Amino acid sequence: QVQLVESGGGLVQAGGSLRLSCAASERTFSSYAMGWFRQAPGKERDFVAAINWSGVTAYADSVKGRFTISREAAKNTVYLQMNSLKPEDTAVYYCAADPSLAILRTGRGRFWGQGTQVTVSS
């Protein structure tokens, strides 16, 4: 059973930082694009950031300059470093994976994690 397991969420004050991690259960993910989405209460799930197997990255405009996505192939893990957090960043953050970065960005990725809550207090 292929799994994506997120960790690192929590409660932080505005202006603070958090780092999310997403560990994939299989080495095949080393060739996949992996990324992050988020869903705030009452809103749709939105794209946040993604990275493909060669290190090409993509970001939502709302997080550019504040969030950084990276991956560690040896650990089948992708990270999301979130700095200068704002209350509007509060959401459940989901990890996703797909062979195609383009498809992943649309929200139709093949594999999804269960999500981790990020809460930013003002």
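Note that this is a predicted model, so its numbers are computed, not measured. Computation of the quantities below employed the complete heavy-atom set of this structure, encompassing side-chain atoms and omitting hydrogens, waters and symmetry-equivalent molecules.
Considering all non-hydrogen atoms of both residues, Arg71 and Ala33 come closest at NH1-CA, 4.3 Å. Heavy atoms only, all atoms of each residue included: Val92 and Gly115 are closest at CG1-CA, 3.9 Å. Contact detail for Ala97 and Met34: the closest heavy-atom pair is CB-CG, 4.0 Å. Closest approach of Arg110 and Pro99 over heavy atoms only: NH2-CG, 3.9 Å. The minimum heavy-atom distance linking Ser17 with Asn83 is given by the pair OG-OD1, 2.9 Å. Counting all heavy atoms, side chain and backbone alike, Lys75 lies closest to Thr77 at O-OG1, 2.8 Å.
A side-chain donor-acceptor contact under 3.5 Å links Thr90 to the backbone of Val120. Side chain of Glu6 to main chain of Gln114: a donor-acceptor pair is present (N/O by atom type, distance under 3.5 Å, no hydrogens or angles). Using modelled atom types, no side-chain atom of Tyr32 and backbone atom of Ala96 make a donor-acceptor pair closer than 3.5 Å.
A single hydrophobic cluster is seen to contain both Ile51 and Val48, as judged by linkage of ILVMFWY side chains at heavy-atom distances under 4.5 Å, directly or through other members. Side-chain heavy atoms closer than 4.5 Å link hydrophobic residues (I, L, V, M, F, W, Y) into clusters, and following such links, even through other members, never connects Tyr93 to Phe37. Cluster membership for Leu80 and Leu18, using ILVMFWY side-chain heavy atoms within less than 4.5 angstrom, is shared. Tyr94 and Trp36 are members of different hydrophobic clusters when ILVMFWY side chains are connected at heavy-atom separations under 4.5 Å. Hydrophobic clustering of Ile, Leu, Val, Met, Phe, Trp and Tyr side chains at less than 4.5 Å, counting indirect connections, unites Leu85 with Val63.
Annotation: side chain to side chain donor-acceptor pair (under 3.5 Å) contacts of Tyr79 (sequence neighbours excluded): Glu72. Residues forming a side chain to side chain donor-acceptor pair (under 3.5 Å) with Gln39 (at least two apart in sequence, or on another chain): none.
Between Tyr59 and Thr68, some side-chain heavy-atom pair lies under the 4.5 Å cut-off. With a 4.5 Å cut-off on side-chain heavy atoms, Cys95 and Trp112 do not count as touching.
Between Lys64 and Asp61 there is a salt bridge, since a side-chain N of the basic residue sits under 4.0 Å from a carboxylate O of the acidic one. At a threshold of 4.0 Å, the pair Arg38-Asp89 counts as salt-bridged, since one of the basic side-chain nitrogens sits closer than that to a carboxylate oxygen.
Taking CD1 of Ile69 as the start and CE of Met82 as the end, the distance is 11.5 Å to the nearest 0.5 Å. One distance of note links OG1 of Thr57 with CZ of Phe67; it measures 14.5 Å at 0.5 Å rounding. Put simply, NZ on Lys86 and OG on Ser122 are 14.0 Å apart, with the number rounded to the nearest 0.5 Å. Note that the CD atom of Gln81 and the OG atom of Ser21 stand 9.5 Å from one another [nearest 0.5 Å].
By the neighbour-count criterion of 12 heavy atoms within 6.0 Å, atom CH2 of Trp53 is sparsely surrounded, having that number or fewer from other residues, nucleotides or ligands.
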TODO: Give the intermediate values and the outcome of side-chain hydrogen bond (donor to acceptor under 3.5 Å, both in side chains) for residues Asn52 and Ser54.
DONE: CA-CA 6 Å; Asn52 76 353; Ser54 65; 3.1 Å; yes
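Using cut-offs of 30° and 60° on the angle between ring planes, the pair Phe111 and Phe29 is perpendicular.
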